[in-house]
Structure formats: structure tokens, C-alpha cells
2 protein chains.
Amino acid sequence: MSDAAPSACCPPSDDRPDLRPIEGEEADQELAALAKAVGHPARVQILRLLARRASCVCGEIVDELPLAQSTVSQHLKVLKDAGLIRGEIDGPRTCYCIDNRALRRLKALVGGL
Amino acid sequence: MSDAAPSACCPPSDDRPDLRPIEGEEADQELAALAKAVGHPARVQILRLLARRASCVCGEIVDELPLAQSTVSQHLKVLKDAGLIRGEIDGPRTCYCIDNRALRRLKALVGGL
DNA sequence: AGGCTATATCGTTAAAATGCGATGAGCGAC
DNA sequence: GTCGCTCATCGCATTTTAACGATATAGCCT
């Protein structure tokens with residue numbers, strides 16, 4: 001038992017449209033913050049990993065990257081602080097997944113350039 | 001001959017499609033580098049300024065930003081090194097404009113996330 | 001309880017980014 | 001030629017990032 005489909009660790013990631021403007025000072029700050037979070041190869045890899053596996057991973061990420069566990073955890077924190085990913089404690093491990101809302105927002109902001 | 005209308009300082013910005021892959025290690029590096037360049041509010045503002053005025057500006061940028069001239073020049077250099085903008089010396093001043101090819105590339109890479 | 005595993009956090013070090021004033025290089029006007 | 005304007009670059013101080021090992025925390029299992 002206890003086989004409670006651990007597949008999706010993250011809530012459905014709401015699909016409501018984002019009404020915030022795509023330009024202006026706030027948008028600039030937002031875009032800069034998001035882009036900064038993406039502005040590191042390791043973090044891009046992490047995003048790709050999370051995107052590939054629709055489901056979310058945890059320490060698998062550490063295995064995929066040539067970095068120490070603490071370093072990966074740090075990168076995960078940066079991405080989480082930026083809002084691009086979400087983490088949920090699932091038993092002894094933590095399950096991360098992409099925040100599609102934030103990712104859409106990033107795409108919209110970049111698209112608006 | 002060489003009757004280059006001084007209005008547009010930048011060459012037509014070629015429209016050929018970009019055939020490079022949107023994923024993979026190289027793409028990761030590329031996206032990280034581009035995102036890093038965008039990852040600063042002042043640089044986002046500069047990009048917006050250059051996008052708004054279809055034509056290109058130079059020291060006007062300094063007037064728009066609350067930063068010293070040397071600092072703005074530094075940011076311009078970062079953007080130029082990343083390939084996102086191009087600069088052309090036009091008499092005593094330098095004329096910057098967006099490199100649409102690189103910008104498109106950035107959008108494609110972000111869109112591929 | 002005690003041990004195990006998986007993550008997060010701390011402390012440190014080295015490197016890079018940010019910002020500025022001062023200096024230098026290039027061009028046009030006089 | 002020299003002056004003045006525009007911009008790039010240098011040098012410096014401060015802050016932030018990146019990386020790691022070591023340590024703490026939290027949940028499972030026996």
C-alpha cells in the first residue's frame with residue numbers, strides 16, 4: 001500500500017491569465033530578476049530537466065549535474081526565490097517542479113522585447 | 001556610392017532563419033549567457049529604449065538612466081558582448097541598436113523552455 | 001530509541017559584477 | 001593646430017555570486 005501515486009507533486013499550476021503589464025518599471029524589474037535566475041548554465045539545465053520530466057525530481061538533479069549537492073541546492077534556491085520553480089517536501093526528499101505560471105510570465109516578458 | 005543614409009545606423013539586420021538547435025548543451029550555454037545579459041534592470045531599460053526608438057541612440061541613453069556615463073557604457077558593453085545590441089561609430093558619437101537576430105534567438109530559446 | 005537517508009543551511013574562499021570618477025582616444029568645429 | 005564634445009576604458013571600492021565541505025534538520029525504517 002502507500003502506493004499513493006506520487007507522480008505529480010505539485011498542484012495543478014493555475015492557468016489563469018496574467019494581467020500584469022508587460023512593460024514599465026515593474027515589468028523591467030521583474031524581467032531582470034527572472035532573467036538573472038536563468039542566467040547560469042546549471043540553472044538552465046535544471047529547468048530543462050524539470051521540463052522534460054513532466055513530473056518533478058529532487059536529488060536526481062544532483063546526479064545529472066557535475067556539481068556538489070550543496071551547490072545544486074543553492075541553485076534550486078535561486079530558482080525558487082525567483083518563482084520559477086516550486087519545491088514540496090515529500091517524505092524524506094524534496095520534489096521540485098516548474099512553476100508554469102512564472103515560466104509563462106517570463107516568456108511573455110521576453111516576447112515583449 | 002557609399003551614399004549610406006545616416007538615419008539608420010545599423011545594417012538591415014539579416015532575416016535569415018536561425019538553424020541552430022534550441023536545446024542541448026550549447027543552447028544551454030547560449031541561453032544562460034543571453035539571460036545573464038538581460039538580468040539587470042538597467043540593461044532591460046536600455047533594450048526597451050532601443051526597441052522603442054526604431055532608430056538607435058547613443059548618449060541619450062545616459063540621460064534616460066540614473067547612472068553615470070561610465071556605468072551606462074559598461075552596461076552597453078555587456079549587451080554588445082552578448083550580441084544583443086550593436087554599436088556603430090558615427091562621427092564623435094556611437095550609435096547603438098538592437099540586434100534583431102540575437103533578440104529573436106533569445107526569444108526562441110526562452111520559448112523552448 | 002537509534003540510525004539512515006536526503007536536503008537545507010552555514011561558513012569560507014575566490015571570482016565576478018556593479019558603480020563611480022578620472023583618464024584617454026577619436027572626431028568635428030574653430 | 002587647439003578646443004570641446006562624446007564615448008570607451010582604467011583603476012578602485014564595494015557588493016554579489018559561485019562553489020565547496022561541513023554541519024544541522026527532518027522524515028523514514030528497524
Side-chain angles (χ1 to χ4, degrees), chain A residues 1-4 6 9-10 28-29 31-47 49-50 53 55-82 84-97, chain B residues 2 4 6 9-10 28-29 31-47 49-50 53 55-82 84-97:
Chain A
M1 328 257 172
S2 75
D3 202 46
C9 78
C10 308
D28 286 2
Q29 296 278 141
L31 172 52
L34 289 172
K36 188 176 194 175
V38 181
H40 191 289
R43 293 197 285 266
V44 173
Q45 274 190 265
I46 291 174
L47 288 177
L49 265 177
L50 292 180
R53 335 208 170 179
S55 157
C56 21
V57 241
C58 42
E60 276 182 300
I61 302 171
V62 175
D63 295 333
E64 293 286 346
L65 303 192
L67 295 171
Q69 177 266 322
S70 57
T71 305
V72 172
S73 197
Q74 195 60 29
H75 283 303
L76 288 168
K77 179 173 167 47
V78 172
L79 288 171
K80 199 169 78 175
D81 288 347
L84 282 167
I85 68 175
R86 261 177 303 166
E88 224 167 89
I89 300 173
D90 174 29
R93 61 199 80 198
T94 307
C95 183
Y96 285 100
C97 59
Chain B
S2 74
C9 79
C10 309
D28 285 1
Q29 297 276 141
L31 172 52
L34 289 172
K36 190 176 193 173
V38 181
H40 191 287
R43 293 198 284 268
V44 173
Q45 273 189 266
I46 292 175
L47 288 176
L49 265 177
L50 292 179
R53 336 210 171 180
S55 158
C56 21
V57 243
C58 41
E60 276 183 300
I61 302 171
V62 175
D63 296 333
E64 293 287 346
L65 303 192
L67 293 171
Q69 177 266 321
S70 58
T71 305
V72 172
S73 199
Q74 194 60 29
H75 283 303
L76 287 168
K77 179 172 166 47
V78 171
L79 287 171
K80 200 169 78 174
D81 287 348
L84 282 167
I85 68 176
R86 261 176 304 166
E88 225 167 85
I89 299 172
D90 173 28
R93 60 199 80 199
T94 308
C95 183
Y96 285 100
C97 60

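Hydrogens, waters and symmetry mates play no part in the numbers below; they use all other heavy atoms, side chains included.
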Looking at residues 38-46 of chain A, who's got a heavy atom less than 4.0 Å off DNA chain D?
A:His40, A:Arg43

Any chance you could measure A:Lys80, atom NZ, to A:Ser73, atom OG, to the nearest 0.5 Å?
8.5 Å

With sugar-phosphate meaning primed atoms plus P, OP1 and OP2, does B:Lys36 contact a base, only sugar-phosphate, or nothing at under 4.0 Å between heavy atoms?
sugar-phosphate

Results of side chain to side chain donor-acceptor pair (under 3.5 Å) for B:His40 - residues two or more places apart only:
none

Residues B:Leu67 and B:Ala42: closest non-hydrogen pair is CD1-CB, 3.8 Å

Measuring from atom NZ of B:Lys77 to atom CG of B:Leu79, what distance do you get when rounded to the nearest 0.5 angstrom?
11.5 Å

Work out which heavy atom in A:Arg43 is nearest to a heavy atom in A:Ala37; give both atom names and the distance.
NE-O, 2.6 Å

Proximity to DNA chain C (any heavy atom under 4.0 Å), residues of residues 64-78 of chain A only
A:Gln69, A:Ser70, A:Ser73

Are A:Thr71 and A:His75 packed together at the side-chain level, in the sense that at least one heavy-atom pair is separated by less than 4.5 angstrom?
yes

Please find the pair of heavy atoms, one from A:Asp90 and one from A:Cys95, that lie closest to each other, and give the distance.
CB-CB, 4.4 Å

Nearest non-hydrogen partners of B:Val38 and B:Val44, listed with the distance:
O-CG2, 3.2 Å

With rounding to the nearest 0.5 angstrom, report the CG to CD1 distance, A:Leu65 to A:Ile46.
5.5 Å

Of all nucleotides in DNA chain C that come within under 4.0 Å of a heavy atom of chain A, which is furthest toward the 5' end and which toward the 3' end?
C:dA6 to C:dT9

Just wondering, do A:Leu47 and A:Ile85 contact through their side chains at under 4.5 Å, heavy atoms?
yes

Starting from the 5' end of DNA chain D, give me the residue, A:Gly91 or B:Gly59, whose nearest nucleotide shows up first.
B:Gly59

Using chain A heavy atoms and a threshold of under 4.0 Å, write down where along DNA chain D the contacts begin and end, 5' to 3'.
D:dT17 to D:dC28

Within this structure, what is the CD-CD distance for the pair B:Gln69 and B:Gln74, rounded to the nearest 0.5 Å?
10.5 Å

Answer yes or no: is there a side-chain heavy-atom contact under 4.5 Å between A:Ile61 and A:Leu50?
yes

Applying side-chain contact (heavy atoms from CB on, under 4.5 Å), name anything that partners A:Glu64, two or more places apart in sequence or on another chain.
A:Leu49, A:Arg53

